[in-house]
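Convention: sequence-line order gives letters A, B, ...; per-chain numbering from 1. Just the heavy atoms: all of them, side chains too, but no hydrogens, waters or symmetry mates, feed the values below.
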Amino acid sequence: MPSFQTSPGMRDILPPESGRWRRFTAVFADVVEAAGYQQVIPPLLEDLGVFTRIGDATDVVTKEMYDFVDKGDRRVALRPEQTASVCRAFAQHRPPVLPWKVFYSGPNFRYEKPQRGRYRQFDQVGIEVLGVDDPMLDVEVIALGWEFYRALGLQQVTLIVNSLGEPGDRSRYVEALRTHFEAAGEQLTEQSRVTLAKNPLRVLDSKRDPDQPFIATAPQIADFYGDDAAEHFAAVQAGLQSLGIPFTVEPKLVRGLDYYRSTIFEFQGGTFESAQNGLGGGGRYDGLVEALGGPATPGIGFALGVDRTLIACDDEGCFAAEPLQLDAFVVDVVGGLEAAAITAELRAAGLSADRGYDNRSMKAQMKLANRSGAACAVIIGEQEVADGSIIVKPMRGGDQVTIPRSGLIAQLSETRTHD
RNA sequence: GUGGUCAUAGCUCAAUAGGUAGAGCACCAGGUUGUGAUCCUGGCGGUUGGGGGUUCAAGUCCCCUUGGCCACCCCA
């Protein structure tokens, strides 16, 4: 047993899985950069206050924060998500051109009880747009998430959308819900009664059976929309339809973070048996920048969980991890200097190359060459050194050839183009 | 945070009613005195997650602890 292991909910991403992670963020960047989004890299650590603005009724803030006092007596916290940081950055730097379209990727921290698809350090990729209220922007944001899943090859992801209305609509709805659920009294589960006191909306999220009858008969948000909210939401739906993006309106979708209002949405994996089927989600948070000390600014964005999305990819058999591919593996049985020279020559020519070490037997080095995934083994021994030649052996079929040492790069470049 | 369940070699798993810990894969070496992915032989590898207890004897029973997983909660 090793003396140390990763802390609960923390894990190492090792090759070849790590290569898949790198491609994951690359694919995401490609998709959103093509839509004019640029990367922002906020710090992992922020003043605690940045995150408490997310809402005092969410566990993310009240129970799961990695917060502490630093050596300068500052109350700080590891970020539990990145939307608040992006809004803080906006308020701090005041980008002159709106909308400000950014994307991000990186780890977040929440002190929860770990499960599959739920880690204490977990990665998200996401986008945020600040400064525009147009429902067509909502459509673009949702469409980019959709497009990204498609780029990964996921076919079974479903999209659910809802609108929480304008702040006034939302307030009236919350009051109606409070009245409704309070009428149920003791029949509601104790946990739901606690939730009710903090945020009646979230009672709709309960999965406990005794609560279901009251959730089923609860008031519907749609009945509380003012003209603006109804118009906005209708435009979003029309936009999604025009792009051919399938979705369902889920009136009970409320999202966990308190800052959401108006349009909200969630992407769900189609293959999950566990409760961790929320692959990602987002929505409008028009008051957040203001709450962080900036000007009143509309905002919308989403965050997608890397870990869960990759689990979905496993389930659907897409976007698999790929073994390392090399152009050449140098096998040297004359002592090492030749291998060093040849390997350097190959790399300088833009070919990827690895080599054997420790003067192992040719057989052992050939096994390494095989495992390295190299297209060719480049073999040099006593005889080749003597007559200035070198052997190139294709590892995936074909006969080996002995060629003049000076023709190595040309030979390999040619076989590579044939692949 | 609450409840449940599991924990044996690097990996996947065995081990009859408590009785000396095994296999496959992987890895290393040889069979093949310059050549891999197949095959054969051999080798390396475990204080059975950790600690304590019951017993002549514990991987197997009991307690504690750590960790994984599942449900709740919450959320990505």
From [options], pick the nucleotide closest to the side chain of [X]?
X: A:K113; options: B:G1, B:G67, B:G36; result: B:G1
X: A:D59; options: B:C75, B:U35, B:C74; result: B:C74
X: A:M362; options: B:C28, B:C73, B:U35; result: B:U35
X: A:V60; options: B:A76, B:C75, B:G67; result: B:C75
X: A:R118; options: B:A76, B:G67, B:C75; result: B:A76
X: A:T58; options: B:G36, B:G67, B:C75; result: B:C75
X: A:P114; options: B:C69, B:C75, B:A76; result: B:C69
X: A:E112; options: B:A76, B:G67, B:G36; result: B:A76

Pairing partner of [N] (Watson-Crick or G-U wobble, both distances under 3.5 Å):
N: B:A37; value: none
N: B:G24; value: B:C11
N: B:U5; value: B:G68
N: B:C75; value: none

Rounding to the closest angstrom, what is the interatomic distance between [N] and [M] at atom [atom1]?
N: B:U12; M: B:G53; atom1: P; result: 32 Å
N: B:G68; M: B:A26; atom1: C1'; result: 23 Å
N: B:G19; M: B:A58; atom1: C1'; result: 10 Å
N: B:U38; M: B:C25; atom1: C1'; result: 16 Å
N: B:G22; M: B:C28; atom1: P; result: 25 Å
N: B:G4; M: B:C40; atom1: P; result: 49 Å
N: B:U5; M: B:G24; atom1: C1'; result: 27 Å
N: B:C13; M: B:C6; atom1: P; result: 15 Å

Distance in angstrom units between [X] [atom1] and [N] [atom2], rounded:
X: A:Q115; N: B:A71; atom1: CD; atom2: P; value: 6 Å
X: A:R11; N: B:A76; atom1: CZ; atom2: C1'; value: 12 Å
X: A:K363; N: B:C40; atom1: NZ; atom2: P; value: 13 Å
X: A:I380; N: B:U35; atom1: CD1; atom2: P; value: 16 Å
X: A:I311; N: B:C75; atom1: CD1; atom2: P; value: 19 Å
X: A:E190; N: B:C72; atom1: CD; atom2: C1'; value: 14 Å
X: A:L14; N: B:G10; atom1: CG; atom2: C1'; value: 12 Å
X: A:R116; N: B:A71; atom1: CZ; atom2: C1'; value: 15 Å

Between [Y] and [X], is there a cation-pi geometry (under 6.0 Å to ring centre, at most 45° from the normal)?
X: A:R23; Y: A:F319; answer: yes
X: A:R261; Y: A:Y285; answer: no
X: A:R79; Y: A:F51; answer: no

Across the strands shown, which category fits [X] at heavy-atom distances under 4.0 angstrom: base, sugar-phosphate, nothing?
X: A:Q400; answer: base
X: A:L304; answer: nothing
X: A:G282; answer: nothing
X: A:E266; answer: nothing
X: A:G381; answer: nothing
X: A:E64; answer: sugar-phosphate
X: A:I391; answer: base
X: A:K393; answer: base

[X] side chain N/O closer than 4.0 Å to the phosphate oxygens (OP1, OP2) of [N]?
X: A:R371; N: B:A26; answer: no
X: A:R360; N: B:C28; answer: yes
X: A:R202; N: B:C75; answer: yes
X: A:R120; N: B:G67; answer: no

How about [X] and [Y]: do any of their side-chain heavy atoms sit closer than 4.5 Å?
X: A:V334; Y: A:E384; value: no
X: A:E250; Y: A:V161; value: no
X: A:D286; Y: A:D133; value: yes

> Where each residue is assigned the nucleotide of RNA chain B containing its nearest heavy atom, which of A:E384 and A:F267 is assigned the position nearer the 5′ end?
Replying inline: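 By nearest-heavy-atom nucleotide position, the 5'-most residue is A:E384.
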> Between A:F28 and A:F148, is the ring centre distance below 6.0 Å?
Replying inline: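 That pair passes the under 6.0 Å test.
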>> For A:F302 and A:F265, take the angle between the two ring planes, folded into 0 to 90°, and tell me which bin it lands in: parallel under 30, tilted 30 to 60, perpendicular over 60.
In response: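 It falls in the perpendicular class, over 60°.
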> Taking it one step at a time, do A:S163 and A:I221 satisfy side chain to side chain contact (heavy atoms under 4.5 Å, CB included)?
Replying inline: CA-CA 8 Å; A:S163 172; A:I221 178 68; over 6 Å; no
